[in-house]
Every structure is written in C-alpha cells, then in structure tokens.
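What follows is a set of notes on a single structure, which appears directly below.
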Amino acid sequence: MKINQEIKNEIAEKLNEKKAILPCGRCGQSKFSVLDGFVNLPLSEEINGNMVIGGPSIPCAVIACNNCGNLSYHALGAIGMLNKDKQE
Ligand SMILES: [Zn+2]
C-alpha cells in the first residue's frame, strides 16, 4: 500500500468511524492532517539499544495537529487498513 490522497482520505474516515475525533491533547485545537507517509515503529524485546533490521514493527498512520504539530500514531491494523494489500 502506497500513501496517496485516496488512502489518506480513507484513514481519516476510519478514524472518524472509531470516534478518534477528540481535539489535540496538547493545544486543544481540532484541525489535523494525515501525513504523506507511514511509519513503522520497531518493536524490541529488550531495552539494549540494539535495533534489528527487518524485525517486528507496527505500521502506523501519522496524524499531525495543524496548530502545534503534536503527532499521533494509529496502528494501520487496528483501523482496518492492513488487509488492503491482500485485496490488491
Ligand atoms: Zn495541537
């Protein structure tokens, strides 16, 4: 799955469906943007500073507050966006 406007709109719709619509937790403003890319948060079994390339990770959509830039991460699997690649 590659990020594009259609995917960004779909992410916004899924977050609305999940009622993830509260104002920014830092500044209280309520305008947000879906950023033009995904992040893969790496999971580590130990806190030793070593990162395993190709290890387990959580693919996420990144939402930014338009006012203060506070970032929130939503796991793509939890909002039903991960099975899209299987459909394609
Ligand atoms: Zn904010």
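For ligands, and for the atoms within them, numbers begin at 1 and follow the listed sequence.
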Please walk me through it: do Arg26 and Cys68 pass side chain to side chain contact (heavy atoms under 4.5 Å, CB included)?
CA-CA 8 Å; Arg26 295 290 292 159; Cys68 76; 4.0 Å; yes
Test item: Ile21 and Leu15 side chains (from C-beta on) under 4.5 Å apart, heavy atoms:
no
Keeping the roles fixed (side chain from Gln29, backbone from Lys31), state whether a donor-acceptor pair exists under 3.5 Å.
yes
Just wondering, are more than 12 heavy atoms of other shown residues or ligands nearer than 6.0 Å to CD in Gln5?
yes
Short question: side chain of Asn66, backbone of Ser33 - any donor-acceptor pair under 3.5 Å?
yes
Taking side chain as C-beta onward, heavy atoms only, is Ile63 less than 4.5 Å from Ser72?
yes
Check the Zn ion (ligand 1) and write out every protein N, O or S atom at under 2.8 Å, as residue and atom.
Cys24 SG, Cys27 SG, Cys65 SG, Cys68 SG
